[in-house]
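Written out below as structure tokens is the structure these notes cover.
In what follows, chains carry the letters A, B, and so on, assigned in the order in which the sequence lines appear, proteins first and then strands, with residues in each chain numbered from 1.
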Amino acid sequence: MKYDFKGIEEKWQKNWEDNKAFAIKENPDKPKYYALEMFPYPSGNLHMGHVRNYSIGDVVARYKTMQGFNVLHPMGWDSFGLPAENAAIKNGTPPADWTWKNIDNMRDQLKRLGFSYDWDREVATAKEEYYKFTQWMFLKLFENGLAYKKKSFVNWCPSCQTVLANEQVVNGKCERCKSEVGKKDLEQWFFKITDYADRLLADIDKLKGWPDKVKSMQTNWIGKSEGAEVKFKIDGTDKELTVFTTRPDTIYGVSYMVMAPEHPIVDELISGKPEEAECRAFIEKVRGMSEIARSSTDTEKEGVFTGTYMINPISGEKIPLYLANYVFLDYGTGVVMGVAAHDQRDFEFAKKYNLPIRIVIQPEGQNMKEEDMTEAFAAEGIMENSGEFNGMNNRDALKKIIAYMEEKGIGERKINFRLRDWLISRQRYWGAPIPVVYCEKCGTVAIPEDQLPVRLPENVEFTGQGKSPLSECEDFMNTTCPKCGGKAVRESDTMDTFVCSSWYFLRYCDPKNDKMPFSKEKTDYWMNVDQYIGGVEHAILHLLYARFFTKVLYDQGYVSCQEPFENLLTQGMVLKDGSKMSKSVGNVVSPEEIIEKYGADTARLFILFAAPPERDLDWNDTAVEGAYRFLNRVWRAVDELSEYAGGGAVDGTNLNETEKKLHFAVNAGIKKVTEDFDRFSFNTAISSIMETVNALYQYKDAVNAENYNKELIGEALRSIVLMLSPIVPHITQELWEILGNSENLFDTPWPKFDERALVVSEVEVVVQINGKIRDKMMISADLDPKGMQDVALANDKIKELIEGKQVVKVIAVPQKLINIVVK
RNA sequence: GCGGGCGUGGCGGAAUUGGCAGACGCGCUAGACUUAGGAUCUAGUGAUUUUAUCGUGGGGGUUCAAGUCCCUUCGCCCGCACCA
């Protein structure tokens with residue numbers, strides 16, 4: 001019989017579907033396991049990255065189930081977002097229609113890959129029954145002061161016609177469409193993620209099962225820096241400007257101040273001054289710079305004197321205030337103290353504008369001179385020119401100076417974060433409407449919980465021009481105030497899709513709940529996610545937001561966990577010819593064509609075998625053939641040997657040498673594959689299964705059919721099929737049936753190895769002389785180091801080699817090697 | 001600049017605790033079966049001047065023993081970045 005992958009895959013996929021084979025319920029008698037893969041955006045078709053992501057997740061889910069865990073393995077759709085709306089603009093199809101059609105197609109593709117999802121738990125963020133609770137989340141944040149509206153200078157993508165969160169601007173470009181992002185002064189909704197900056201940072205330490213890379217990316221993104229805020233008086237006025245500095249120890253070295261050109265006080269400071277015209281020209285120039293140019297390290301530092309002087313609060317010195325392109329309004333206070341001697345940027349700026357450079361920290365034992373400096377000195381040293389702090393180590397002085405400033409009321413200790421609040425409003429249609437109205441009398445009013453959802457209207461037009469479609473839909477916009485019943489206008493912005501995906505893993509625990517997003521009871525059973533799997537591109541955005549939501553929900557008593565994802569695996573990309581598969585390069589291999597040509601099992605096997613999960617994987621057509629060949633080899637083995645397969649246990653005490661070899665190979669294989677699955681080393685697990693299959697072929701070759709040991713053949717075939725089943729579920733289920741079994745492999749216990757089969761009487765050990773291998777010999781496995789030494793020294797070849805030399809030392813490692821050190 | 005990672009045959013990769021470097025697969029070579037082979041099976045396949053020597057980016061070190069530990073250096077990839 002030939003391996004008919006097509007018929008087999010269709011047969012079992014139908015069987016699983018008809019029997020709801022992967023539906024799961026809470027079961028207090030079993031340990032639970034939550035295996036989750038990042039849900040896809042329904043673009044229309046699966047790509048190889050999806051296949052890889054979901055193949056890894058499926059192996060984990062199936063393996064854990066076989067090991068007796070009650071496994072939650074759900075799938076859904078991150079289905080709000082711009083492509084649907086862009087398609088609507090282009091072809092006039094409503095975003096909803098486009099989205100549901102794509103979901104149907106992709107669900108079908110997932111099913112053809114045989115993934116073990118509980119489809120009863122499927123969620124789609126664009127469905128009313130889901131986004132109603134996304135709106136509920138907004139309300140919970142709003143009620144607790146964590147959602148607020150403010151006017152600010154925000155990122156604006158001219159192509160997407162919407163604002164973007166900081167996290168969605170990559171190198172000054174829109175994360176989605178790569179257009180250059182501009183700035184706009186708009187009133188927008190924010191989530192106060194900065195309130196959680198400290199906890200989001202501190203709890204990174206608790207994420208033991210996360211890759212260091214992701215943890216360090218989040219740490220950098222949150223960007224904590226410790227220092228002080230210091231108040232400087234504006235000369236000739238009562239007003240003060242506050243600066244943030246991480247180096248209060250250099251305060252005596254401040255020789256000028258710099259301010260962001262966008263700073264709100266600039267206008268007042270320069271008005272009427274002789275420098276006004278020059279300053280205004282400079283502000284215009286900086287405004288005209290692109291975000292990328294502005295924030296690039298290569299951009300030359302430029303500035304202009306404001307005509308204003310400041311007073312150093314600690315030395316009383318009068319110093320000039322400049323505007324400069326290297327100071328940013330959105331970090332710290334937008335005002336920086338210039339310490340030319342001890343900060344490289346300040347050094348360059350001071351050199352350019354001939355500002356004084358004053359050393360206040362000397363490298364220990366040196367006497368540096370200002371005029372000799374070619375770069376700033378930023379390392380540790382001894383204080384000088386710093387009044388009462390002279391002679392101290394600068395680290396000690398730093399603390400003392402903060403204390404001094406706090407005492408005098410001129411400054412205080414301050415921790416600053418790079419993290420900004422999360423801008424969540426989007427001027428687009430296809431998203432969850434922000435559940436807020438603006439009432440003439442009551443002002444901003446949140447929609448009460450029991451009136452959710454705020455439905456997305458369907459009678460909207462997509463012109464791609466001007467404002468958001470919702471703002472032009474009068475039926476939607478004109479409403480009544482839930483508080484006073486008077487006239488009110490709805491918020492026309494929708495929420496960033498990352499809001500929807502910040503809680504979907506909770507919804508899977510209780511997907512049909514129509515009263516609440518989820519019940520505490522259900523999330524208490526299933527959470528945390530034991531294994532989360534997805535691309536590293538979500539290292540900051542999604543993973544940070546999801547952690548934030550979990551903490552907010554924890555604080556409000558809705559969940560018991562403070563971190564949602566116990567273990568995280570970031571899988572590598574799928575490449576072809578060394579570069580990322582993309583339409584423009586023309587190196588795309590579609591999952592469909594591979595399934596068509598070789599079947600889903602081959603696709604899964606190849607993708608898991610070709611590289612470890614975290615590493616990039618280069619697609620290789622001939623290696624795919626190799627995977628297909630291996631499945632055929634397994635198929636033939638079962639096909640030819642199944643009639644000899646006995647059901648009983650192998651009597652390990654009564655085997656000949658050939659039989660022992662196979663018995664050993666099978667049990668060693670189970671041991672190795674189990675260990676490899678436990679550490680997600682699927683490529684080596686597969687190679688071990690291949691070795692087991694090779695051992696079976698060797699046995700088959702060496703023994704005549706009439707002498708087959710039926711129990712042994714049965715053990716080998718069953719073990720191979722069981723070990724392969726999480727990886728290639730269709731062919732193994734068929735083979736399982738051929739071997740006379742009827743149960744679903746998914747529910748069959750994972751094979752156990754027999755410790756006794758692994759016991760060997762003799763082992764091969766290496767004999768080294770001075771660390772170089774000189775011979776190998778078979779010795780009794782239980783020989784102790786002393787015994788091994790005696791055997792080795794009695795070996796003729798060794799005797800000859802060490803003849804006339806003095807044996808200094810002999811090291812013997814049981815069952816491994818003997819090293820004889822001679823002189 | 002800061003942070004994370006990587007560097008092993010012709011290729012993908014293995015070596016989990018310092019203990020036989022190159023498992024397994026791809027490719028290649030030969031043989032068997034065959035009218036035929038792009039099927040299948042078997043054997044071989046790091047290099048070289050092949051009783052042996054060399055070999056895990058380079059240099060140095062620790063050790064009886066180093067791909068693995070330490071120091072140093074080069075190259076590549078990813079993330080952040082005029083962050084005060």
Side-chain angles (χ1 to χ4, degrees), chain A residues 170-171 211-221 223-225 227 243-247 250 257-258 260 294-302 324-328 330-339 343-346 348-349 378 416-418 536-537 539-540 570 572-573 605-606 609-612 614-627 629-630 632-633 636 672 675-676 678-679 681 683-691 693-694 697-698 700-701 764-773 775-776 808-822:
Chain A
V170 179
N171 291 329
D212 289 341
K213 179 186 169 122
V214 174
K215 289 196 279 188
S216 93
M217 280 169 76
Q218 292 214 353
T219 304
N220 288 341
W221 188 261
K224 180 177 182 170
S225 51
V243 304
F244 172 72
T245 176
T246 52
R247 295 295 304 277
T250 62
M257 307 269 291
V258 207
R294 174 78 192 280
S295 61
S296 160
T297 352
D298 305 330
T299 306
E300 200 184 340
K301 287 154 196 55
E302 282 189 282
N325 59 352
Y326 73 95
V327 179
F328 296 85
D330 61 1
Y331 183 79
T333 61
V335 189
V336 178
M337 52 188 224
V339 187
D343 180 285
Q344 189 56 28
R345 289 164 311 208
D346 296 347
E348 287 167 31
F349 192 79
N416 222 344
F417 291 96
R418 209 189 75 105
V536 75
E537 64 273 17
I540 296 174
T570 49
M573 285 190 298
L605 178 68
F606 166 74
F609 182 54
E614 324 71 45
R615 220 178 299 179
D616 286 350
L617 180 157
D618 207 355
W619 188 270
N620 177 329
D621 291 324
T622 56
V624 175
E625 301 241 13
R629 214 150 45 209
F630 172 68
N632 273 286
R633 194 167 151 87
R636 277 193 308 274
K672 178 72 167 35
E675 286 164 4
D676 283 353
D678 283 337
R679 62 186 177 111
S681 180
N683 54 331
T684 54
I686 292 165
S687 78
S688 295
I689 301 171
M690 286 171 168
E691 286 180 285
V693 172
N694 290 346
Y697 268 80
Q698 252 145 40
K700 184 167 90 94
D701 227 45
E764 190 188 57
V765 296
V766 170
V767 185
Q768 297 179 329
I769 296 173
N770 288 345
K772 298 225 183 288
I773 297 159
D775 202 9
K776 293 178 182 181
V808 182
K809 195 174 178 185
V810 179
I811 290 113
V813 182
Q815 302 200 16
K816 285 225 169 83
L817 60 63
I818 299 146
N819 189 11
I820 303 163
V821 186
V822 297

Minimum heavy-atom distance [X]-[Y], with the two atoms named:
{"X": "A/M217", "Y": "A/A539", "result": "CE-CB, 3.6 Å"}
{"X": "A/S688", "Y": "A/K672", "result": "OG-CG, 3.0 Å"}
{"X": "A/M337", "Y": "A/R247", "result": "CE-O, 3.7 Å"}
{"X": "A/K215", "Y": "A/T219", "result": "O-OG1, 2.7 Å"}

Nearest of [options] to any side-chain atom of [X]?
{"X": "A/Y697", "options": "B/rA84, B/rG12, B/rU42", "result": "B/rU42"}
{"X": "A/P612", "options": "B/rG13, B/rA84, B/rC26", "result": "B/rG13"}
{"X": "A/S687", "options": "B/rA23, B/rA84, B/rG27", "result": "B/rA23"}
{"X": "A/A611", "options": "B/rG19, B/rG13, B/rC26", "result": "B/rG13"}
{"X": "A/F244", "options": "B/rA84, B/rG27, B/rU16", "result": "B/rA84"}
{"X": "A/F609", "options": "B/rG19, B/rC41, B/rC24", "result": "B/rC24"}
{"X": "A/V327", "options": "B/rA84, B/rC26, B/rG19", "result": "B/rA84"}
{"X": "A/R633", "options": "B/rU42, B/rC64, B/rG12", "result": "B/rU42"}
{"X": "A/F328", "options": "B/rC82, B/rA14, B/rC64", "result": "B/rC82"}

Polar atom pairs (N or O), protein with nucleotides 3-10 of chain B, under 3.5 Å:
| unit_1 | atom_1 | unit_2 | atom_2 | d |
| --- | --- | --- | --- | --- |
| B/rG3 | O2' | A/S216 | OG | 3.0 |

Have a look at [X] and say if it touches a base, only the backbone sugar-phosphate, or nothing, with a 4.0 Å heavy-atom cut-off.
{"X": "A/V821", "value": "sugar-phosphate"}
{"X": "A/G626", "value": "sugar-phosphate"}
{"X": "A/Q768", "value": "base"}
{"X": "A/Q218", "value": "nothing"}
{"X": "A/K776", "value": "base"}
{"X": "A/T219", "value": "nothing"}
{"X": "A/N325", "value": "base"}
{"X": "A/P211", "value": "nothing"}
{"X": "A/K700", "value": "nothing"}

Rounded [atom1] spacing from [N] to [M] in Å:
{"N": "B/rG46", "M": "B/rC20", "atom1": "C1'", "answer": "15 Å"}
{"N": "B/rU62", "M": "B/rG12", "atom1": "C1'", "answer": "34 Å"}
{"N": "B/rG75", "M": "B/rG31", "atom1": "P", "answer": "48 Å"}
{"N": "B/rG10", "M": "B/rG1", "atom1": "C1'", "answer": "39 Å"}
{"N": "B/rG67", "M": "B/rU17", "atom1": "C1'", "answer": "15 Å"}

Whole-Å gap separating [atom2] ([N]) and [atom1] ([X]):
{"X": "A/N632", "N": "B/rU40", "atom1": "CG", "atom2": "P", "answer": "7 Å"}
{"X": "A/L605", "N": "B/rC26", "atom1": "CG", "atom2": "C1'", "answer": "13 Å"}
{"X": "A/E625", "N": "B/rC24", "atom1": "CD", "atom2": "P", "answer": "21 Å"}
{"X": "A/N819", "N": "B/rA65", "atom1": "CG", "atom2": "P", "answer": "8 Å"}
{"X": "A/D701", "N": "B/rC41", "atom1": "CG", "atom2": "P", "answer": "10 Å"}
{"X": "A/I811", "N": "B/rU63", "atom1": "CD1", "atom2": "C1'", "answer": "9 Å"}
{"X": "A/F606", "N": "B/rG12", "atom1": "CZ", "atom2": "P", "answer": "12 Å"}
{"X": "A/E348", "N": "B/rA84", "atom1": "CD", "atom2": "P", "answer": "16 Å"}

*Cationic tip of A/R418 above A/Y331 ring, under 6.0 Å, 45° of axis*: no
*Is it possible for you to check whether A/R636 lies under 6.0 Å from the centre of the six-membered ring of A/Y697, through NZ or CZ, and within 45° of that ring's axis?*
no
*Verdict with reasoning, A/D701 to A/Q698, per side-chain contact (heavy atoms from CB on, under 4.5 Å)*: CA-CA 5 Å; A/D701 227 45; A/Q698 252 145 40; 5.5 Å; no
*asked:* On RNA chain B, does the nearest nucleotide to A/I686 precede the nearest nucleotide to A/R247 from the 5' side, or the other way round? Give the residue.
replied: A/I686
*Of A/Y331 and A/G771, whose nearest nucleotide on RNA chain B comes first from the 5' end?*
A/G771
Does [X] make a side-chain N or O approach to OP1 or OP2 of [N] shorter than 4.0 Å?
{"X": "A/R629", "N": "B/rG27", "result": "yes"}
{"X": "A/S225", "N": "B/rA84", "result": "yes"}
{"X": "A/K809", "N": "B/rC64", "result": "yes"}
{"X": "A/N683", "N": "B/rA14", "result": "yes"}
{"X": "A/N620", "N": "B/rG27", "result": "no"}
{"X": "A/R418", "N": "B/rA84", "result": "no"}

*Kindly indicate whether the side chain of A/V335, heavy atoms from C-beta on, has any atom under 4.5 Å from the side chain of A/M257.*
yes
*Test item: A/V821 and A/V810 side chains (from C-beta on) under 4.5 Å apart, heavy atoms*: no
*Sort out the partner of B/rC6 for me: Watson-Crick or G-U wobble, both distances under 3.5 Å, none otherwise.*
B/rG75
*In Watson-Crick or G-U wobble terms, both distances under 3.5 Å, what is the partner of B/rU35?*
none
*For side-chain contact (heavy atoms from CB on, under 4.5 Å), just list the numbers for A/V808 and A/V822, CA-CA rounded to whole Å, side-chain angles, deciding distance to a tenth of an Å, and then say yes or no.*
CA-CA 5 Å; A/V808 182; A/V822 297; 5.7 Å; no
*Start with the C-alpha gap between A/T684 and A/S687, add the side-chain angles, then the distance that decides, and say whether side-chain hydrogen bond (donor to acceptor under 3.5 Å, both in side chains) holds.*
CA-CA 5 Å; A/T684 54; A/S687 78; 5.6 Å; no
*Is the glycosidic angle of B/rG31 within 90° of 0, making it syn, or outside that range, making it anti?*
anti
Can you check nucleotides 49-53 of chain B for protein contacts, nitrogen or oxygen pairs under 3.5 Å, and list what you find?
| unit_1 | atom_1 | unit_2 | atom_2 | d |
| --- | --- | --- | --- | --- |
| B/rU53 | OP1 | A/R774 | NH2 | 3.4 |

*Between the side chain of A/N416 and the main-chain N/O of A/S225, is any donor-acceptor distance below 3.5 Å?*
no
*Test applied, side chain to side chain contact (heavy atoms under 4.5 Å, CB included); reference residue, A/F349; option that passes from A/E302, A/K301, A/E300*: A/K301
_My understanding is that only residues two or more places apart in sequence, or in another chain, count here; which of them pass side chain to side chain contact (heavy atoms under 4.5 Å, CB included) with A/D346?_
A/Y256, A/Y326, A/V339, A/D343
